[in-house]
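Below: one structure, written as structure tokens.
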There are 2 protein chains.
Amino acid sequence: MREHVTPERRRGTVRDLRRDNRSVLLWSLYFDQPCTRQELSQATGLSPASVSNVIRELIEEGLVAEAGAIDSDGGRPRVLLRMNRDHGYVIGVDVGETRVRVELFDLAMEERARADYPLDPREHGVTVIVDRILAGLSAVLADAGVDSSAVLGVGVGVPGVVEQGDEVLVHGQTYGWEAVPLERLLRAGTDLPLHIDNGAKTMGRAEMWFGAGRGAQHAVVCLIGSGVGATIIAHGRTHRGSTSSAGEWGHTTIMVGGRECRCGAKGCLEAYVGAEAVLDRYGRALPGQDEESALAALLDAATAGEEEAGRVLEETALYLGAGLADLINLFNPERIILGGWAGLLLGERLLPAIRDAARRHSLAHAFSETSIELGRLGPEAVALGAATLPIERFLNGASLSSADRRRSAG
Amino acid sequence: MREHVTPERRRGTVRDLRRDNRSVLLWSLYFDQPCTRQELSQATGLSPASVSNVIRELIEEGLVAEAGAIDSDGGRPRVLLRMNRDHGYVIGVDVGETRVRVELFDLAMEERARADYPLDPREHGVTVIVDRILAGLSAVLADAGVDSSAVLGVGVGVPGVVEQGDEVLVHGQTYGWEAVPLERLLRAGTDLPLHIDNGAKTMGRAEMWFGAGRGAQHAVVCLIGSGVGATIIAHGRTHRGSTSSAGEWGHTTIMVGGRECRCGAKGCLEAYVGAEAVLDRYGRALPGQDEESALAALLDAATAGEEEAGRVLEETALYLGAGLADLINLFNPERIILGGWAGLLLGERLLPAIRDAARRHSLAHAFSETSIELGRLGPEAVALGAATLPIERFLNGASLSSADRRRSAG
DNA sequence: CGGGGTTAAATCACGTCATTAATTAAGTCC
DNA sequence: GGACTTAATTAATGACGTGATTTAACCCCG
């Protein structure tokens with residue numbers, strides 16, 4: 001009861017205050033390394049004394065280390081601080097359509113080890129995936145020589161809707177998964193803290209943390225591949241909605257009664273601008289085994305002056321622009337990032353046309369305040385983004401499971 | 001700089017902690033009056049001792065009063081607490097197309113006085129509006145016998161986009177207002193704290209606080225009148241976007257290349273389901289001076305079996321359902337509330353058809369978790385919702401301007 | 001090379017806060 | 001009217017952030 005009091009976390013005691021301040025300092029330091037105590041004090045609004053105290057704790061605990069100093073001209077030099085990148089590690093898992101990839105990162109998000117497991121396209125059974133992931137975890141730990149007690153957590157990006165409840169459930173249309181309790185299944189094989197999310201959302205996170213989204217408070221990361229999805233960021237946080245299925249931009253209706261979509265509805269955006277749909281709208285045969293090379297061929301054909309290809313792309317820009325305009329009108333984001341392999345391919349060529357279509361379909365005021373850009377990270381970033389899930393938990397105050405570190409000397 | 005540290009308000013000292021706890025208690029009490037200290041302790045997670053302390057302060061300051069007790073069977077009876085509804089007052093202003101309405105409420109949102117000023121439809125000049133508002137403020141204060149020092153603040157709902165910046169600017173398409181610094185203009189005539197927002201948004205607030213939206217964390221309040229808009233609530237808070245123009249649902253494209261909208265674009269939702277658009281799509285003459293009676297007549301005609309009217313309404317339900325489905329897919333709200341005079345009129349008759357169309361255009365999972373309901377408050381609620389703006393500020397810890405009340409006896 | 005000047009960081013003293021435990025208040029029931 | 005219950009207040013305790021003060025670290029200049 002009492003919906004108005006939603007303590008995302010217990011808050012009210014003087015101790016929670018410390019935890020929060022600690023967290024604020026960690027976030028600030030994480031994204032602005034190296035920096036000095038003074039800068040932290042300014043950035044967070046905490047007094048220099050408090051910064052000193054908390055930082056001393058963090059250094060004692062090994063999360064933070066001093067790293068040189070800034071030369072002064074008269075006066076004690078400021079000491080630079082940075083996160084101790086070896087204090088802990090995180091693992092990101094990308095469960096894709098054709099492979100499972102497991103990557104181990106240090107706190108600076110430097111890759112320390114990687115394991116790839118190709119998937120037979122006909123074999124997306126749950127047990128196979130779980131096996132591959134668990135094998136990957138062991139492999140990267142062994143490879144990097146990292147003990148599992150030093151791992152802060154594992155983030156897993158999977159295709160399909162991920163329902164975050166008491167029990168995390170995965171509904172994977174493409175995989176034929178229905179309410180798969182992936183977390184529970186993985187739990188049988190590992191003790192590491194697990195975070196599971198939709199792969200498109202983890203990729204969106206990667207763009208927000210390290211790519212084109214850095215610094216934006218309100219943004220939408222659009223992912224166009226064979227299908228179409230989006231990550232919505234409001235006030236710097238991913239909007240999940242009430243059952244974590246928010247962001248299904250691809251099934252937004254842009255043409256009532258229009259083309260049939262694989263979701264069963266008619267006129268979905270995905271049925272016009274998804275890679276599969278674009279190729280289908282073109283209709284003619286194209287060289288290339290897979291969608292990726294076929295789409296590239298379509299772009300080439302248009303460049304070569306092939307009329308029909310040009311027309312299809314022109315229309316794609318129109319539809320896509322209208323879809324982006326919906327986001328602009330509804331969310332009023334400061335930035336829209338176009339990603340996904342098809343999004344990048346199309347965007348590279350069509351961005352001006354897309355922007356123009358978006359302008360025509362959105363209100364002038366909101367449009368003028370929104371920038372539309374291409375993603376910077378490419379589709380490889382799913383695992384990276386997944387790995388930011390445990391990082392976030394860490395920055396918010398979780399420590400390594402084993403040692404419950406308290407102040408050592410009183 | 002340092003976007004990650006967004007102290008919506010200074011937080012970090014032990015004193016801020018108290019302010020926060022105080023605020024949490026006020027919110028809890030406000031929406032669950034009367035209630036006991038014990039209940040508050042449970043609801044907020046604060047210890048009974050802290051609740052006692054803070055409540056004692058609040059009683060001393062006159063914000064809260066004891067009001068009877070609950071009978072016990074053995075044991076000291078629990079004392080009931082409620083807000084002191086006369087501790088302060090708020091004023092809500094509804095600047096509509098045809099009138100300016102000013103209402104004064106006590107803390108229990110009981111109306112204490114009202115002033116109405118009809119507007120000549122040809123006269124929407126800024127000075128006229130400002131004059132009417134200021135006259136209304138004086139009138140309701142005099143009428144209710146309330147001193148302006150007892151007023152916590154004034155909320156103003158206006159048509160058009162309200163840009164919340166250092167200086168609040170109003171862009172009113174319908175009024176022909178461009179970047180009107182309404183706050184500054186009003187400031188010349190009153191010292192009361194001012195809050196200005198879009199009228200559709202204040203109405204949405206009213207539904208969320210007192211109507212069909214109570215208790216929802218993620219919701220969308222859709223307002224259909226002559227035009228179409230929406231208020232998006234995420235995590236219990238209105239989403240404004242980066243320049244406070246979020247929620248322009250009416251100009252979402254549901255038909256690329258479709259009907260021309262008054263915004264200049266083609267295929268906007270508003271061009272299909274706004275009252276003006278519905279009547280226009282019907283085409284034939286209808287009895288009634290204004291849109292409201294014309295739309296009612298259209299509904300009557302359909303009831304009477306007039307085929308074309310039935311067809312227009314059927315299509316309206318289809319378009320509207322598709323529009324709602326977009327919201328469901330993008331936001332995954334737990335509740336959608338259909339309001340506005342036209343929304344209520346249409347919804348009363350078409351809700352099943354609208355729901356069905358929404359189902360067909362949204363993903364099954366998200367749809368099944370969303371309820372679509374009619375608003376409960378009617379279009380009169382703009383002023384009520386505007387008045388919740390200063391209430392919110394008050395519950396968050398602002399006190400009356402004059403007396404900076406501190407603990408009296410140490 | 002050593003003191004004066006300057007700035008950064010650590011320490012100290014203080015006031016505030018929420019919590020637990022103990023105490024007081026206000027009832028019921030036999 | 002005394003034993004029992006439960007609510008609310010008070011007291012004791014520990015944790016915290018802050019401003020003031022002190023210590024540290026480095027420059028420059030003579």
Nearest-Å distance, [atom1] ([X]) to [atom2] ([N])?
X	N	atom1	atom2	result
A:Glu60	C:dA10	CD	P	11 Å
A:Ile70	D:dA24	CD1	P	22 Å
A:Glu57	D:dA15	CD	P	11 Å
A:Arg37	C:dA9	CZ	P	6 Å
B:Glu39	D:dA7	CD	P	10 Å
A:Leu17	C:dC17	CG	C1'	9 Å
A:Asp20	D:dA15	CG	P	18 Å
B:Arg19	C:dT16	CZ	C1'	14 Å

Q: With DNA chain D as reference, determine whether B:Pro48 or A:Val54 sits nearer its 5' end, using the nearest nucleotide of each.
A: B:Pro48

Side chain of [X] only, heavy atoms from C-beta on: which candidate in [options] is closest?
X	options	result
A:Arg18	C:dT11, D:dC16, C:dT19	D:dC16
B:Asn53	D:dA8, C:dT19, D:dG19	C:dT19
A:Val79	D:dT10, D:dC16, C:dA9	C:dA9
B:Arg78	C:dA8, C:dT19, D:dA7	D:dA7

**Q.** Steps toward salt bridge (Lys or Arg N to Asp or Glu O under 4.0 Å) verdict (A:Arg335, A:Glu207)
**A.** CA-CA 12 Å; A:Arg335 205 174 303 168; A:Glu207 284 287 351; over 6 Å; no

(Q) If you define the side chain from C-beta out and look only at heavy atoms, does anything of B:Glu57 sit under 4.5 Å from B:Arg18? (A)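 B:Glu57 reaches B:Arg18 side chain to side chain.
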
(Q) According to salt bridge (charged side-chain N to carboxylate O under 4.0 Å, His left out), who are the partners of A:Glu392, at least two apart in sequence or on a separate chain? (A) A:Arg205

For [N], take OP1 and OP2 only and decide whether either is under 4.0 Å from a side-chain N or O of [X].
X	N	answer
A:Asn21	D:dC16	no
A:Ser50	D:dT18	yes
B:Ser52	D:dA8	no
B:Thr13	D:dG17	no
A:Arg15	C:dC17	no
A:Gln38	C:dA9	yes

Q) In terms of the angle between their ring planes, are B:His235 and A:His239 parallel, tilted or perpendicular, with boundaries placed at 30° and 60°? A)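 Perpendicular.
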
**Q.** Within the 6.0 Å centroid threshold, strictly below: A:Tyr89 and A:Phe394
**A.**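 No, the ring of A:Tyr89 stays outside the 6.0 Å limit from the ring of A:Phe394, centre to centre.
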
In a table with atom names and distances, give each donor-acceptor pair under 3.5 Å that connects a side chain of residues 76-84 of chain B to protein atoms at least two apart or in another chain.
| residue | atom | partner | partner atom | Å |
| --- | --- | --- | --- | --- |
| B:Asn84 | OD1 | B:Asp86 | N | 3.1 |
| B:Asn84 | ND2 | B:Gly62 | O | 3.0 |

(Q) If we ignore hydrogens and angles and just use 3.5 Å, is the side chain of A:Glu334 paired with the main-chain N or O of B:Gly241 as donor and acceptor? (A)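 Absent.
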
Which atom pairs link the protein and nucleotides 26-30 of chain D when you take only N or O atoms and keep those under 3.5 Å?
| residue | atom | partner | partner atom | Å |
| --- | --- | --- | --- | --- |
| D:dC26 | O2 | A:Gly75 | N | 3.3 |
| D:dC27 | O4' | A:Gly74 | N | 3.2 |

Q. Between B:Val168 and B:Glu183, which heavy-atom pair has the shortest distance, and what is it?
A. CG2-OE1, 3.1 Å

Q: Could you tell me whether B:Val51 contacts a base, only the sugar-phosphate backbone, or nothing, with contacts defined as non-hydrogen atoms closer than 4.0 Å?
A: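 Contact class for B:Val51: none.
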
